[in-house]
2 protein chains.
Amino acid sequence: MDELTERQRYLLTLIIHDYIQHAHPVGSKYLVNEFNLGLSSATVRNELSTLDEKGYLRQPHTSAGRVPTEDGYRYFVGHLLQNTELPSPTRHMIAHQFYQMPYDVEQWMRLAASILAQHSHAASVVTAPHPEEARFKHLELIQTRGRQVLMILVLQGGEVDQQYITLTEPVSQQQLSEAAQSLTNRLVNASADQVGHMALNLSGLEQDIARLVLQEMKSVNINPMGEVFLDGISHVLAEPEFVDSEDARMAIRSLEERSILRDLLVSSHPTSEVGGVQVLIGGEGTRDELRQCSLILTQYGVPGMVTGMLGVMGPMRMPYGRSISTIRFLSSLLSDLVEDTLTEA
Amino acid sequence: MDELTERQRYLLTLIIHDYIQHAHPVGSKYLVNEFNLGLSSATVRNELSTLDEKGYLRQPHTSAGRVPTEDGYRYFVGHLLQNTELPSPTRHMIAHQFYQMPYDVEQWMRLAASILAQHSHAASVVTAPHPEEARFKHLELIQTRGRQVLMILVLQGGEVDQQYITLTEPVSQQQLSEAAQSLTNRLVNASADQVGHMALNLSGLEQDIARLVLQEMKSVNINPMGEVFLDGISHVLAEPEFVDSEDARMAIRSLEERSILRDLLVSSHPTSEVGGVQVLIGGEGTRDELRQCSLILTQYGVPGMVTGMLGVMGPMRMPYGRSISTIRFLSSLLSDLVEDTLTEA
DNA sequence: GTTAGCACTCGATTGCTAAGAGTGCTAATT
DNA sequence: AATTAGCACTCTTAGCAATCGAGTGCTAAC
């Protein structure tokens with residue numbers, strides 16, 4: 001069930017490219033004419049027939065042309081897709097957009113999601129960089145009213161968590177500032193566990209605050225990813241396979257419910273992988289909602305330290321080449337940005 | 001073109017309710033049977049005919065039942081919709097969800113968007129509370145690396161803006177903290193203009209920072225709304241009027257591009273209004289993309305001080321009653337929360 | 001003002017046919 | 001042994017006519 005002849009591989013490539021572009025079953029005669037193969041349609045038919053037997057193609061009905069199967073796409077992505085890079089002008093344009101932006105993670109994320117959606121003509125998912133293990137950097141406490149206090153916790157890597165907390169009794173801004181500064185000095189660079197230990201040696205206000213910091217850091221540790229940014233949902237609806245809208249609804253629904261994303265991004269499913277980029281075809285290994293879809297995912301950031309994910313969701317009939325190149329380029333770009341953020345002066 | 005008899009109003013109400021529920025043209029015979037009118041279908045036909053002439057109903061084709069026109073919906077919303085409140089248990093359930101949440105604006109927004117989408121079976125839009133005019137409350141500066149500094153600006157009303165800034169030369173955390181504290185003392189409660197004036201009397205680091213604060217506050221003043229939260233996009237796709245997907249794509253696209261929302265939320269279009277809630281039917285006064293849609297919008301917060309918007313976008317055939325009650329209830333709930341935030345101890 | 005009755009309209013459904021696209025198979029060719 | 005021409009077969013699609021039925025408007029009677 002394995003080896004394909006050179007010609008079969010070529011034909012499979014042609015069919016997939018053509019089908020991705022036109023969304024129409026492609027037949028033997030059409031192939032011969034369109035691509036000036038020096039062959040007769042009958043020969044091509046024989047080849048298609050074996051491709052069919054091997055499970056890479058199928059016919060929607062007896063008298064239709066061929067359409068790639070999931071396995072077909074998988075073979076294509078795994079063996080036939082040459083590993084192109086984004087053209088240099090495009091790369092520069094994208095990089096330029098990032099570097100002329102204010103230094104703001106949220107805006108980077110939005111930009112990345114937008115670019116990704118635009119280049120892949122599909123829905124994009126980007127998660128904010130998230131530390132593998134939270135490490136304390138800085139704490140601020142700001143009085144709002146009465147016992148309510150805004151706690152701002154900055155982690156190594158630049159993640160900023162803000163949270164309103166309620167103390168047991170009113171405290172002046174003066175006291176809060178002192179506590180914050182004292183804790184900041186004590187806790188710099190501490191992990192959650194270390195914060196936990198240190199909290200034992202504290203008392204009063206500082207201990208209360210330290211416990212809240214601990215709690216927040218723990219929840220950062222547990223939560224496997226940062227904020228999720230979506231874009232390009234409307235692209236998915238433009239695809240002909242989603243005109244009946246039922247499937248489209250399911251797919252979009254799964255994006256809206258970020259919980260599914262969580263599962264997806266966290267567990268790495270064994271599947272096609274092209275240079276660090278995961279390709280899930282036909283929603284393999286995920287829930288049924290995505291059976292019609294393909295996903296392209298990759299991690300960015302500094303492994304083991306601070307990472308985030310980039311992803312594209314579209315129909316199986318998706319421009320894999322372009323999507324993969326874009327995702328790979330964005331991944332390296334964001335990785336650089338994250339790395340910059342990490343290497344403290 | 002104005003006065004309708006009681007019976008005509010009743011029939012119009014029945015038709016609209018039924019059409020909203022079933023999305024099928026409703027005919028005279030069906031009405032008589034279904035609702036036990038003590039009338040013959042012929043009589044009803046006469047009435048429908050005048051309703052037709054007045055422009056409140058129309059027939060998709062000669063031999064079909066009646067369907068409400070935009071004007072029909074408008075009349076319904078303006079004159080026939082009795083101003084129901086959400087049932088008390090529902091109100092309590094919703095309120096409970098809010099009050100058992102951590103005190104966090106972002107989470108409130110998400111929750112509001114989610115509840116709104118769920119109750120209206122349509123797409124919801126919620127913007128974060130945004131001050132009419134920014135007033136300074138607190139400033140923090142946190143060293144990240146070299147000349148790069150995280151500036152956290154807290155405004156009266158609780159809005160927190162964070163931004164990475166780059167100084168002309170490296171400064172120690174010590175100096176930053178002092179500058180932040182000094183500025184905070186000086187600027188408390190200042191408007192953007194006042195910050196501008198005070199900046200003139202400062203020098204060195206403090207002046208640089210004050211200018212950045214000014215800039216940020218100005219941009220808050222210019223930007224008419226806070227962050228936008230969407231939910232329930234997939235609901236829109238479920239509606240039969242959007243199966244052909246082209247219109248749906250347009251509509252969703254307009255939501256994705258928040259710029260359109262801006263136009264929409266900022267300019268208040270003269271239109272049906274029910275107790276402070278604006279109802280735009282058939283996308284009146286907006287761009288063509290929303291011609292198929294209705295929007296229900298309202299403001300919440302403390303007028304003139306801190307406000308945000310709540311909105312629902314769905315097909316014209318939309319459960320106006322429920323959507324309006326939900327939106328109104330959420331609006332009062334969020335207003336209370338915002339007010340709480342404002343009334344400092 | 002209401003109603004029964006009737007002719008009429010027009011979308012939806014059904015059944016049929018013809019055209020067309022594409023296949024698989026076989027036998028002839030290289 | 002691979003290629004090809006030819007042909008029978010299958011199945012979708014478009015088009016067309018016939019029928020059905022829901023729903024209307026109108027008129028005349030109550």
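Order of the sequence lines fixes the chain letters, A, B, ..., with proteins taken first and strands second; residue numbering starts at 1 for each chain.
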S.K.: Hey, is the main chain of Ala64(B) close enough, under 3.5 Å, to the side chain of Gln59(B) for a donor-acceptor pair?
M.R.: yes

S.K.: Picking from Arg249(A), Glu256(A), Glu257(A), what satisfies side-chain hydrogen bond (donor to acceptor under 3.5 Å, both in side chains) with Ser234(B)?
M.R.: Glu256(A)

S.K.: Using the rule side-chain contact (heavy atoms from CB on, under 4.5 Å), only one of Leu297(B), Leu230(B), Val236(B) pairs with Met313(B); which is it?
M.R.: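 Answer after filtering Leu297(B), Leu230(B), Val236(B): Val236(B).
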
S.K.: Using heavy atoms to find the nearest nucleotide of DNA chain C for Pro60(B) and Ser63(A) separately, return the residue whose nucleotide is more 5′.
M.R.: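 Comparing both residues, the 5'-ward one is Pro60(B).
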
S.K.: Residues from residues 26-53 of chain A sitting under 4.0 Å of DNA chain C, heavy atoms only?
M.R.: Gly27(A), Ser28(A), Arg45(A), Leu48(A)

S.K.: Take Tyr320(B) and Ile16(B) through the test side chain to side chain contact (heavy atoms under 4.5 Å, CB included) and record every step on the way to the result.
M.R.: CA-CA 10 Å; Tyr320(B) 292 95; Ile16(B) 291 187; 5.8 Å; no

S.K.: Rounding to an integer number of Å, can you tell me how far Leu57(A) CG sits from dG22(C) P?
M.R.: 14 Å

S.K.: Between Arg74(B) and Ile281(B), is there a donor-acceptor pair closer than 3.5 Å when you use the side chain of the first and the backbone of the second?
M.R.: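 Side chain of Arg74(B) to backbone of Ile281(B): a pair is present.
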
S.K.: Over how many whole Å does the gap from Arg66(B) atom CZ to dG23(D) atom P extend?
M.R.: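 Atom CZ in Arg66(B) sits about 11 Å away from atom P in dG23(D).
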
S.K.: Check this one for me: any side-chain N or O of Gln59(B) less than 4.0 Å away from OP1 or OP2 of dG25(D)?
M.R.: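 Yes, such a contact exists.
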
S.K.: When you measure from the side chain of Ser331(B) to the backbone N and O of Ile327(B), does any donor-acceptor pair fall under 3.5 Å?
M.R.: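 No: the side chain of Ser331(B) does not pair with the backbone of Ile327(B).
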
S.K.: Indicate the ring-plane relationship of Tyr56(A) and Tyr75(A), choosing parallel, tilted or perpendicular according to the 30° and 60° boundaries.
M.R.: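 Tilted.
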
S.K.: What residues from residues 6-21 of chain B pass a heavy-atom cutoff of under 4.0 Å to DNA chain D?
M.R.: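 Contacts with DNA chain D under 4.0 Å: none.
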
S.K.: In whole angstrom, what separates His24(A)'s NE2 from dG22(C)'s P?
M.R.: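 Checked: the NE2 to P distance equals 10 Å.
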
S.K.: Using a heavy-atom cut-off of 4.0 Å across all strands, would you classify Thr62(B) as base, sugar-phosphate, or nothing?
M.R.: sugar-phosphate

S.K.: Using atom types as modelled and distance alone, determine if a side-chain donor or acceptor of Thr69(B) lies under 3.5 Å from a backbone N or O of Gly55(B).
M.R.: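 Yes; judged by distance alone, with no hydrogens or angles, the pair exists.
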
